[in-house]
Trainee: 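My structure is below; once you've seen it, I'll send some questions.
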Amino acid sequence: MLGELGMRGDGGGCGGLVNAPCPFSGVLAHLSALETESVRLVELQREAWRQQATREELCATVERLRAQRDQLRAKVLSATSLQQVMTEVDQENEEKRSEEEKSAGDSQLHMSLLTARLSHVKNLLRAHHLIGGYDITETRRGKGVCFSIATAFEDRTLETYNVEMDLARTMRICRHNIPPFIPLERLAQENFQSDIMAFLDSLSMHLNAYVGRRQQVRLIQELFHGSVKVLESNALCSILVLRCRQVGEKKAAALCTLEYGDPTRCLPTRVTIDSEEKTLTDSPQWNEIQALFLETPAHQALLAIRREERIA
Amino acid sequence: MSLLRPFSKLPELNMANVLLVGNDDTFQHVLADAIVKQENNVNVNVRLARTLPLPAENEDSRPRIDLVVLIVNLRSELSLSSTETSLKHLDTGFFLGKVCFLVTGARCTSVPHERLASLRKIAVSLHCPLLFTEDQTAKGISAAAGRVLNILRVSAGLVPLATGLGLSTLIRCSLPPDLDCQD
Amino acid sequence: MNPVLCLSLCLTPNNVFCIVVEAGTPWKGNDTVERHLAAVERVGLSRGLSPQAVSILLEFSLSLRSAIGIRVLKFLVPASTVPEEAIIRGVSWLCVDKMPVNMQVLFVRWVLTVFDLIDSKDQLRAIYGFIFNFVTEENLVRRVLVLLFITYPLLELQTRMGCQPFLMHLLSVYKVYCPELVTISVPAKMKSGFKNHNSTWKAALAAVQKSSTTELLSDLQLSVGVSQQPATRKRKLHRHLTIPAVSSSIQSQSRLSGSKVFPLEQLRTFSQLLENLHRIELPAQMGSLLGSTVALHFLDCVRDSSAFLRLNFWLGHLLHEEFIFCKDGGTQDLTEATGFLNTLISTQCFLQEGFAATELFLYKFLNIWDGSLLRPEILGLLSNIPVVPCSRIKTLLFEPLMQLFFTSSLFFKCSVIECLTNMLLKWLTWHSVYAFEDELDISVTSQTPMNMTLSGLMDSVVELVHFVGRISTIGLQLEGYHSLLLSFTLDFYMMVSDMYLKYDLPLVLMPPAGVFYPALFATDPVNLDKLCHIMYRYRTNLMSAKNQEQKMKISRKTYHEFNQYVVSMVSCLWNSRAFQPGMGLEMDEGLLSRSGVPEPWTRFSLVYHPAFLGYAVDFHENCWPERMKMDLSSIKLGKRWDWYVEFLYCQGLQGLKEFMQSSLRRQSSVGGTRATSDSQSQPPS
Amino acid sequence: MEDVAKELLSRLVRRIPLVRLRHVLGRWERLSKTQLLSLDFTQPKWALCENLLSLCEENEIAVKDLTEIEMLYRSEYPDQGVWHVFQLVDTSEESLSSDFMHFRDQFKANLKDLINHVSIKMKKLEDESVWIRIAWGGNFSRPNHLKPTYVVHHLQTPYVFVSSLANKHKPLLFQALALSAHCGSVKDVNLSGRCLTALRDLSMRQYKQVFPSRHQKRLEERDLLPNPSIENEHIKLAEYKQQVASEVFGDGVLPKLETAVYKLETKYREHGSENLARRDEPFRGVVKFSSSNLLESLKYCVSSGMASTPVTPLLSSITHKGRNYFVIKDKQHGSVPNTSASKF
């Protein structure tokens with residue numbers, strides 16, 4: 001019985017595969033296709049509308065930020081030294097105080113004085129930070145502090161390193177992002193418990209020196225692209241081997257090795273230059289070049305030398 | 001620590017506010033985006049919350065909530081329990097057609113069977129609808145957003161001749177029959 | 001301690017024969033044995049082993065329960081066939097419960113893999129029970145009572161001896177059937193425990209046979225459905241939504257011609273089927289039947305309940321694993337699933353019946369469905385389910401459907417109505433097929449034997465129609481009487497209106513007012529036309545029902561409903577007396593006047609009805625092209641009216657024509673028309 | 001060409017995927033252009049191996065050149081095998097001013113003093129890292145080139161990364177290292193994984209760490225263009241969790257660590273059930289987290305609120321102490337042995 005029905009279902013039932021799609025699923029599939037399409041259209045419409053809105057919004061913010069930037073520029077131009085910043089701060093506070101005195105009674109006066117003082121201290125801190133002091137933040141609800149040490153080389157601010165300390169039991173360093181070849185451990189052992197300031201100072205000296213040396217290497221590679229080649233250096237940048245060609249008919253190559261013995265300075269402690277012809281190495285100008293390397297940063301020294309057209 | 005009330009604030013014109021409660025951040029955000037994307041003739045305002053009660057500080061900035069969607073991720077026990085605690089901080093007025101559960105991961109092998117069962121029991125006892133969702137695929141998410149919007153439109157009173165209470169009587173969850181003693 | 005018989009195997013090019021040496025040779029670090037083993041392994045994996053070699057090696061590996069035994073079992077790939085007695089001896093080894101568990105599992109899986117290659121299964125059938133018992137008691141699983149007795153011991157066994165692999169697999173199979181009993185969560189990778197698609201030998205076996213017999217390969221490719229593109233082998237390893245190849249013991253056919261079995265995959269034509277009907281043997285993989293029509297014919301002809309049992313078991317397990325207990329929570333791509341479900345749907349359409357497994361699966365799946373995943377396929381399957389007894393139809397079908405219906409989009413609503421229409425069509429078709437059998441048995445072959453009496457069927461149909469009436473009423477309201485949804489609803493009622501004459505089911509059910517009036521005042525002519533056609537069909541059904549009162553009894557209520565509908569339609573469309581007392585739909589005078597519409601009762605006449613207004617204007621322009629100012633009321637005057645009506649009929653509004661002609665011309669007929677017969681006596685005002 | 005070389009070459013060819021093999025051979029200068037072009041990398045490996053062998057024959061290439069290939073391969077694709085991290089403790093001043101030449105000579109000399117049959121190969125890469133390949137031999141056996149030990153050391157840093165080092169060779173290697181890197185001793189920091197760069201970044205603090213500072217980044221700034229009609233009720237909480245998570249586990253791309261293992265040894269203490277409390281040997285358990293990128297997943301757990309904040313030291317010390325193997329005993333409650341400030 002059902003067999004015959006089956007045969008009706010597919011052309012004579014000769015052994016093909018059952019792949020005639022179900023006659024009803026067509027409508028259903030079409031319906032769901034319609035739904036996805038409608039959803040897509042709605043979303044497109046919505047999206048276009050929203051993008052327009054956001055665009056206007058962004059234009060507004062751009063304007064605002066521009067204005068702010070100009071303001072800040074002006075301020076920076078005016079305030080170059082700590083003194084100026086502080087005078088500025090004081091003026092602000094004066095204004096505050098005066099208008100508060102005008103407005104408030106005695107009870108509020110005390111309060112307002114306190115707030116003024118607080119803002120003053122805050123401003124001091126900000127100023128201090130601006131000129132590259134250590135930034136101190138309280139962490140974990142007073143159980144720890146985080147010092148951030150800004151480094152700079154030739155009035156150019158570079159990385160900021162952080163040291164987070166745990167004040168819970170004995171003061172100790174719980175995490176930091178100081179590069180591993182900075183002898184943090186030794187510095188800490190020296191004067192960590194005694195006075196934190198000395199520790200931070202020495203640390204920042206190390207860091208600044210390291211960053212400075214690294215920056216010099218980078219600058220050399222940028223400025224003297226091709227002419228001067230950095231043959232060798234290392235992670236600490238405690239040694240730097242340069243090869244430069246001197247001008248002249250036979251373009252002899254000179255190899256100058258800068259050794260930075262003192263990790264807290266970004267100037268070399270020992271400079272050796274050897275060139276292909278021995279006569280040149282003990283000639284006076286090379287000696288003064290040596291001296292130059294010893295007291296000015298490497299890239300500036302090289303610049304000077306190139307200005308005097310000793311090297312190509 | 002205040003109870004969230006459905007009628008404490010006045011509704012605004014052409015405005016529907018839905019509150020998504022759940023501790024699965026990513027899914028919550030995706031769903032919220034889909035909801036906002038899909039609605040075009042009224043403006044929908046989606047508010048996300050990890051759990052109830054809502055923080056008191058933005059009590060006054062919060063508009064009137066027309067629908068509370070409790071998202072339960074069956075893959076994690078934590079999600080279910082936090083939903084149960086959240087329920088305690090809902091005003092009874094919400095249960096007149098302003099609450100629905102959104103379930104994800106119901107088809108996952110690793111989900112123990114009784115978790116879904118207990119959730120069903122809760123939904124049945126509260127007369128709330130139980131929407132199932134495919135949270136892994138974009139299609140499933142947009143479908144879920146569409147369904148939430150359907151309920152939201154009604155419960156926000158944007159559909160003529162229909163009320164949230166009326167709808168909830170139709171779509172409230174019911175205990176499925178035990179299929180294995182049918183023969 | 002046990003007398004291990006040690007073999008040292010030596011090798012000749014094409015097969016292995018063994019020399020028994022005296023027992024007690026040490027295994028560890030016995031280089032010669034090691035070397036021989038390696039050699040045999042190579043041969044086994046490359047060319048396959050000859051039958052006697054297989055039997056010897058099987059005996060050998062099972063006898064010594066050690067790593068080496070397992071290793072031997074792993075490369076035990078038969079080149080041609082597996083002798084039956086080897087299997088039986090292996091099973092006997094199984095009964096000696098000294099064998100380690102992993103070895104038992106391995107052996108059983110091996111048997112399952114090479115099942116098709118066993119040369120003759122006559123004696124093997126005797127111990128089927130035992131083997132299947134070991135794998136999964138497939139026919140126990142269905143019976144819940146037995147299940148209770150099985151599962152509880154198993155569970156406490158499991159708690160006692162930890163997660164033994166085979167127990168876990170067994171439990172995972174049970175979990176499909178009653179998850180509330182098996183509450184341990186089965187790890188996903190376990191769940192592919194007894195399937196042979198990911199067993200150790202499959203790839204090797206396939207490779208060996210490819211190389212050995214190419215004609216067999218071509219056969220397979222001819223006869224096999226979905227899983228034929230060679231790319232699917234890799235996918236089969238992790239997803240198995242592919243329909244396996246029809247294959248039984250063909251290799252044994254080619255060799256021992258004595259046995260009387262006819263392999264299914266040699267079937268090509270229907271005539272072949274008829275010749276060998278008596279000696280066809282079912283394939284090992286029942287799922288393969290879905291692939292080929294001839295196999296389905298065969299399945300139809302044999303009333304072998306075990307065949308359906310196996311097919312349903314396979315299907316149910318597959319569906320559950322793929323759609324309810326997903327390994328990854330449903331992140332996989334759906335192309336395979338779609339393909340598979342479509343094959344299933346077309347198979348069911350072909351057999352004109354639904355499988356019990358699908359039904360069971362659907363009832364579970366509806367409860368966790370999000371309404372969009374695989375929507376066309378799921379609804380397509382749903383429209384194929386056999387008649388549900390009205391005692392359970394509400395909980396099984398209506399509750400979950402309602403929850404989905406009212407929360408989902410317009411298109412989903414339409415799809416559901418469409419699906420239910422198809423479902424009703426199926427049920428009515430079954431009824432019309434079996435109507436002349438006094439004892440109506442809808443699903444003879446599907447495995448839920450429920451003897452559906454005529455009254456039972458009618459109850460279910462009544463339930464279904466009422467359900468659709470309810471949801472479509474509210475759905476239309478929610479969707480603002482969207483004309484798409486309206487037309488789908490009217491399609492449903494088009495079938496309902498004809499139940500008596502077309503499918504001789506003695507039943508007439510009127511649509512609810514919530515469907516009728518929206519359709520009557522619809523803004524598009526198509527739906528209104530459909531409505532007219534439906535009312536016409538109702539009339540004809542009622543007439544013929546009235547003529548044979550003794551056969552069926554239609555309640556006065558139905559007549560009354562019908563009359564009221566007809567009256568209101570005629571008064572609205574024909575003689576512009578809408579909303580007036582006694583004209584079906586009544587409305588308060590004050591309310592109408594407050595609406596500010598001039599002479600509201602004419603507003604739904606054939607001229608002014610929003611659905612026909614376009615036609616009216618068109619007609620007006622055709623009549624008086626020179627007129628500057630349009631005056632539709634002039635259409636109603638004199639002959640123009642009849643012309644206009646004719647004009648409407650010519651616009652393809654067949655339903656309107658049928659309705660008007662039937663309910664206006666007829667003088668004396670059902671009580672229904674009496675109301676209308678006088679309505680056409682006076683001219684349209 | 002002796003068969004050690006043959007075996008080594010065939011093993012190399014077998015181990016290295018074809019694309020990488022082509023690249024490595026290109027970097028390896030022993031073969032001429034024409035010879036390289038003559039090699040067909042589509043043919044099966046055994047055939048390829050034959051061709052390579054013949055080529056090596058005609059260039060009469062020795063074992064040390066073949067080890068060059070291996071070394072190139074390992075340094076090009078360092079994420080092979082498991083690397084263990086060791087630390088050079090109490091380093092002295094001159095460790096800071098040690099250059100490669102000096103270090104190499106020192107190391108070779110020291111190791112050769114300790115064991116006579118060993119072949120050492122060292123090279124320095126562009127990123128200042130020194131790669132050492134050691135093939136160990138017994139007292140009477142020639143160096144085994146099939147199981148070499150690889151050591152990676154960055155000069156002036158106190159960290160050494162070692163892969164596939166046998167226990168019997170440990171003391172030898174460590175002594176040699178200690179002598180040539182001017183440090184007191186070498187200690188295991190219990191950090192291991194497959195991804196060398198990740199281990200390096202983690203131990204040398206080279207991944208992007210987040211420190212609390214006065215000017216915090218708000219969440220709105222983090223995600224571009226927040227949708228105006230979506231509002232988060234717990235925005236503060238979310239920001240806090242985000243901040244905590246990134247302070248503990250870092251920001252941006254985190255080092256790719258695969259596992260973290262915790263060994264627990266605790267005594268059952270609960271009054272009432274005496275028989276359990278009385279047993280003296282502790283309960284032992286091992287908890288092992290594993291993921292394709294463990295830190296990312298842990299960070300997600302914290303930021304999404306699955307893990308409680310503040311983060312337990314057990315998790316946070318993976319990054320803070322740079323280790324992923326912990327033994328937790330009863331005495332130091334929950335914390336980790338040697339929590340002294342001995343390692344930064």
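Chain identifiers are assigned alphabetically (A, B, ...) following the order of the sequence lines, protein sequences preceding nucleic acid strands; residue numbering begins at 1 within each chain. Just so you know, these numbers come straight off a predicted model, no measurement behind them.
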Trainee: With only heavy atoms counted, which part of B:Leu161 is less than 4.5 Å from chain C, the side chain, the backbone, both or neither?
Mentor: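 Both backbone and side chain.
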
Trainee: If you tally heavy-atom pairs under 4.5 Å against chain B, which of C:Ile368, C:Leu404, C:Ile471 wins?
Mentor: C:Ile368

Trainee: What pair of heavy atoms forms the shortest contact from B:Arg147 to C:Asp370, and how long is it?
Mentor: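 What the structure gives for the nearest pair is NH1-O, 3.2 Å.
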
Trainee: Do you know which of B:Ser174, B:Ala162, B:Ala106 has the most heavy-atom pairs with chain C at a distance under 4.5 angstrom?
Mentor: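 Max contact count across the listed options: B:Ser174.
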
Trainee: Provide the closest heavy-atom pair for C:Ser372 versus B:Gly140 in the form atom of the first, atom of the second, distance.
Mentor: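 Nearest heavy atoms, C:Ser372 then B:Gly140: OG-CA, 4.2 Å.
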
Trainee: Examine whether an atom of B:Leu149 lies under 4.5 Å from a heavy atom of chain C, and if so say whether it belongs to the side chain, the backbone or both; otherwise answer neither.
Mentor: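 For B:Leu149, neither part sits under 4.5 Å from chain C.
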
Trainee: When rounded to the nearest 0.5 angstrom, what is the spacing between CG in B:Leu130 and CD in C:Gln403?
Mentor: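 If we round to the nearest 0.5 Å, B:Leu130:CG and C:Gln403:CD are 7.5 Å apart.
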
Trainee: Are any of the side-chain heavy atoms of C:Ile474 and B:Leu167 separated by less than 4.5 Å?
Mentor: no

Trainee: Dump the intermediate steps for side-chain contact (heavy atoms from CB on, under 4.5 Å) on C:Leu373 and B:Thr137, then the final yes or no.
Mentor: CA-CA 10 Å; C:Leu373 176 78; B:Thr137 61; 5.9 Å; no

Trainee: What closest approach, in Å, do C:Asn367 and B:Phe132 show between heavy atoms, and which atom pair accounts for it?
Mentor: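 Heavy-atom minimum between the residues: O-CE1, 3.0 Å.
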
Trainee: Answer with side chain, backbone, both or neither: which region of B:Val154 has an atom nearer than 4.5 Å to a non-hydrogen atom of chain C?
Mentor: side chain

Trainee: Give, as side chain, backbone, both or neither, the part of C:Leu478 having an atom under 4.5 angstrom from any heavy atom of chain B.
Mentor: both

Trainee: Chain B heavy atoms under 4.5 Å from C:Phe365: which part of the residue, side chain, backbone, both or neither?
Mentor: side chain

Trainee: Which bit of B:Arg172 is near chain C, if near means a heavy-atom gap under 4.5 Å: side chain, backbone, both or neither?
Mentor: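 For B:Arg172, backbone heavy atoms alone lie under 4.5 Å from chain C.
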
Trainee: Which atoms of B:Leu170 come close to chain C, meaning under 4.5 Å heavy atom to heavy atom: side chain ones, backbone ones, both, or neither?
Mentor: both

Trainee: Within a 6.0 Å radius of atom CG on C:Leu591, are there more than 12 heavy atoms belonging to other residues, nucleotides or ligands?
Mentor: yes

Trainee: Nearest 0.5 Å, please: how far is CD1 in C:Ile324 from CZ in B:Arg107?
Mentor: 8.5 Å

